[in-house]
Amino acid sequence: MNESLPTTSLSSSLSTQSASLSESSQYLSLDDPIRERIRTACEEVRQKTPLAQSFTNFVTINLVANAQLAAGGSAAMSFLPDDIEDIDAISGASYINVGTLLPSYKDDLGIIAKTFFERKSLWVLDPVAAGLGSTRTHILKTFADYPPTIVRANASEIIALCGIWGISLKTDSEGKVNRPAGVESIDDVDSATLYAIELARYLREHNATHTAAVAVSGERDLITDGDCTYRLPGGNAMMTKITGAGCSLGGVTATYLAVSDPLTAALAASLHYNRASEQAGEVAKGPGSFQTEFLDALWQMQPATIATSRIIEMR
Ligand SMILES: Nc1ncnc2c1ncn2[C@@H]1O[C@H](COP(=O)(O)OP(=O)(O)OP(=O)(O)O)[C@@H](O)[C@H]1O
Ligand SMILES: Cc1ncsc1CCO
Ligand SMILES: [Mg+2]
């Protein structure tokens, strides 16, 4: 099902589907100001072709660069700290993905994060496989004092990163976790909701720009800036059958961060991905053709289609 709303059917579609929504959540109206910010971000990416550089894993580096180009941005990949510092000066945002690491990265990555912090450079972190291996854990720990603008990951990585950074859930006087109404664990992403909110608040408090977002990917993505939390239905499960769907989403999130605030960037990138994967799924015959069709759909997707997507606001 395509989760973009034809503008004329909004009210009928909202009333027929509201039964499946928690009482405390609701579909975002078509005139919500965040939609205009998303549409503007999509248009600006197409107009400005912003550069977002990446330090990313060897498995999916090509898909990351191609997805950034197909979304409208441009790409530069590097593993040298001095390169990354130079390219940072001409990049709108940067992307670090810790999927495949080498021993020399153990100290380099912390130095790069510190440089980004001192320059107030915007960056996205994908903490791939967080919790696995002492070197990766050491590297992720070094980011705690110089955290990124956006963390993009799947649910288990979000929860593991919170553990590494000592971020815990707030409890009341009886020691019970403070759960906002409507937050129930019915899928993987749900189980990371409260961690994602606390993580966004941590980023905001500790990063250089004091503005942040967290994007949790899965069957229904979750995006939060620590105050507002959104769920994005749709997408296509075939995304889990190509390697690098999440990695490349991190790169495209950096592309959007180059032209917009973190919450808008995270929403625009994830919505762009969901609409494109739906379109690709209509014609693909399997994972091989799906990846090709997905890149084409990223390229073809219109800003208005992305901005009018179905969005659930959690309250
Ligand atoms: N079951 C699903 N149905 C629809 N879309 C999905 C599903 N699972 C993941 N996706 C989409 O796939 C993309 C990548 O999310 P995913 O959670 O698989 O990332 P990841 O685990 O970091 O991936 P990887 O590490 O393999 O790159 C997102 O756009 C997400 O919305
Ligand atoms: C398969 C794989 N291994 C290390 S990184 C990566 C890409 C998906 O995260
Ligand atoms: Mg991943």
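Below, each value reflects all heavy atoms present in this structure, side chains not excepted, and no hydrogens, waters or symmetry copies. Counting begins at 1 with the first residue of the sequence. It should be emphasised that the depicted structure is a prediction, and the values quoted were computed from it without experimental measurement.
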Look at the side chain of Trp165 and the backbone N and O of Leu140, then say whether any donor-acceptor pair between them is shorter than 3.5 Å.
yes

Ignoring hydrogens, what is the shortest heavy-atom contact between Thr240 and Ala237? Give both atom names and the distance.
OG1-O, 2.7 Å

Would Val59 and Thr100 satisfy side-chain contact (heavy atoms from CB on, under 4.5 Å), going step by step from the backbone distance to the final call?
CA-CA 8 Å; Val59 185; Thr100 51; 3.9 Å; yes

Count I, L, V, M, F, W, Y as connected when their side-chain heavy atoms are under 4.5 Å apart, and connections chain through other members. Are Ile112 and Ile87 then in the same cluster?
no

Checking Leu232 against Ile223 for the side-chain contact (heavy atoms from CB on, under 4.5 Å) test, could you report, in this order, the C-alpha distance in whole Å, the side-chain angles of both residues, the deciding distance, and whether it holds?
CA-CA 8 Å; Leu232 313 180; Ile223 311 288; 3.8 Å; yes

So does Asp31 get a backbone contact from the side chain of Arg35, meaning a donor-acceptor N/O pair under 3.5 Å?
no

When you check the side-chain N and O atoms of Asp83 and Ser78, is any donor under 3.5 Å from an acceptor?
yes

State yes or no: do Val252 and Leu51 share one hydrophobic cluster built from I, L, V, M, F, W and Y residues joined by side-chain heavy-atom distances below 4.5 Å, directly or via other members?
no

Would you confirm whether Asp221, through its side chain, and Gly218, through its main-chain N or O, come within 3.5 Å as a donor-acceptor pair?
yes

Polar side-chain atom of Glu278 near backbone of Gly235 as donor-acceptor pair, under 3.5 Å:
yes

Just checking, any donor-acceptor pair under 3.5 angstrom between side chains of Gln300 and Gln279?
yes

Evaluation steps, salt bridge (Lys or Arg N to Asp or Glu O under 4.0 Å), between Lys114 and Glu118
CA-CA 6 Å; Lys114 187 162 183 272; Glu118 286 163 355; 3.2 Å; yes

So, does Gln68 use its side chain to make a donor-acceptor pair with the main chain of Ala75 at under 3.5 Å?
no

Evaluate the criterion side-chain contact (heavy atoms from CB on, under 4.5 Å) for residue pair Glu219 and Val189; output intermediate values, then yes/no.
CA-CA 8 Å; Glu219 194 178 336; Val189 176; 5.9 Å; no

To the nearest 0.5 Å, atom OH of Tyr105 lies from atom CG of Asp107 at 13.5 Å

Please report the interatomic distance SG(Cys162) to CD(Glu157), rounded to the nearest 0.5 Å.
12.0 Å

Report the residue from Thr209, Thr211, Asp227 that forms a side chain to side chain donor-acceptor pair (under 3.5 Å) with Arg204.
Asp227

Sub-6.0 Å ring centroid separation between Tyr95 and Trp123
no

Is Ile34 linked to Tyr273 within one hydrophobic cluster, defined over Ile, Leu, Val, Met, Phe, Trp and Tyr using a side-chain heavy-atom separation of less than 4.5 Å?
yes

Could you tell me if the side chain of Asn62 sits less than 4.5 Å from the side chain of Val64, heavy atoms only?
no

Working to the nearest 0.5 Å, report the span between OG1 of Thr308 and CG of Leu28.
11.5 Å

Where do Phe58 and Phe79 land on the ring pair (Phe, Tyr, Trp, His ring centres under 6.0 Å) test, with the steps shown first?
CA-CA 10 Å; Phe58 312 130; Phe79 300 101; 5.3 Å; yes

According to a hydrophobic-cluster definition based on side-chain heavy atoms being under 4.5 Å apart (Ile, Leu, Val, Met, Phe, Trp, Tyr only), do Phe117 and Ile139 belong together?
no

Is there a side-chain contact between Glu313 and Thr229 (heavy atoms, below 4.5 Å)?
no

Side-chain donor-acceptor pair present, Ser121, Asp88, cut-off under 3.5 Å:
yes

Asn97 side chain reached by Ser54 side chain, heavy atoms, under 4.5 Å:
no

Could you pull out the closest heavy-atom pair between Gly72 and Pro50, with the gap in Å?
O-CD, 4.2 Å

For residues Glu85 and Thr115, is any side-chain donor paired with an opposing acceptor at under 3.5 Å?
yes

Can you tell me how far the CD atom of Glu198 sits from the OG1 atom of Thr224, to the nearest 0.5 Å?
9.5 Å

Do the non-hydrogen side-chain atoms of Pro148 and Ile150 ever get within less than 4.5 Å of each other?
no

Answer whether the closest heavy-atom distance between the side chains of Ile159 and Ser191 falls below 4.5 Å.
yes

When you measure from the side chain of Thr49 to the backbone of Val45, do you find a donor-acceptor pair of N or O atoms at a distance under 3.5 Å?
no

What one should report as the nearest heavy-atom pair of Leu122 and Gly92 is CD1-O, 3.9 Å

Sub-3.5 Å donor-acceptor pair from the side chain of Ser289 to the main-chain atoms of Lys285, do we have one?
yes

Student check: side-chain heavy atoms of Leu63 and Cys247 closer than 4.5 Å
no

Between CG of Leu271 and OH of Tyr256, what distance do you get to the nearest 0.5 Å?
9.0 Å

Return the CG to CZ distance between Leu298 and Arg275, rounded to the nearest 0.5 Å.
12.0 Å

Hey, mind stepping through Phe116 and Ile84 against side-chain contact (heavy atoms from CB on, under 4.5 Å) and telling me if it holds?
CA-CA 10 Å; Phe116 287 167; Ile84 289 164; 3.8 Å; yes

Backbone N or O of Thr253 within a donor-acceptor pair of the Arg152 side chain at under 3.5 Å?
no

Does Arg37 pair with Asp261 as a salt bridge, N-O distance under 4.0 Å?
yes

If you compare all heavy atoms of Thr142 against all heavy atoms of Gly110, which two are closest, and at what distance to 0.1 Å?
OG1-CA, 3.5 Å

His206 side chain to Tyr202 main-chain N or O, any donor-acceptor pair under 3.5 Å?
yes

Transitively linked via ILVMFWY side-chain contacts under 4.5 Å: Leu169 with Leu161?
yes

Close side-chain approach of Thr193 and Met314, heavy atoms under 4.5 Å:
yes

So, Thr60 and Asn57: side-chain donor and acceptor under 3.5 Å apart, yes or no?
yes

Is any side-chain heavy atom of Ile312 less than 4.5 Å from a side-chain heavy atom of Tyr230?
no

Does Ser260 offer a backbone N or O that forms a donor-acceptor pair with the side chain of Thr264 under 3.5 Å?
no

Check this for me: does any side-chain nitrogen of one of Asp190 and Arg231 sit under 4.0 Å from a carboxylate oxygen of the other?
yes

Between Glu43 and Arg46, does any NZ, NE, NH1 or NH2 come within less than 4.0 Å of an OD or OE carboxylate oxygen?
no

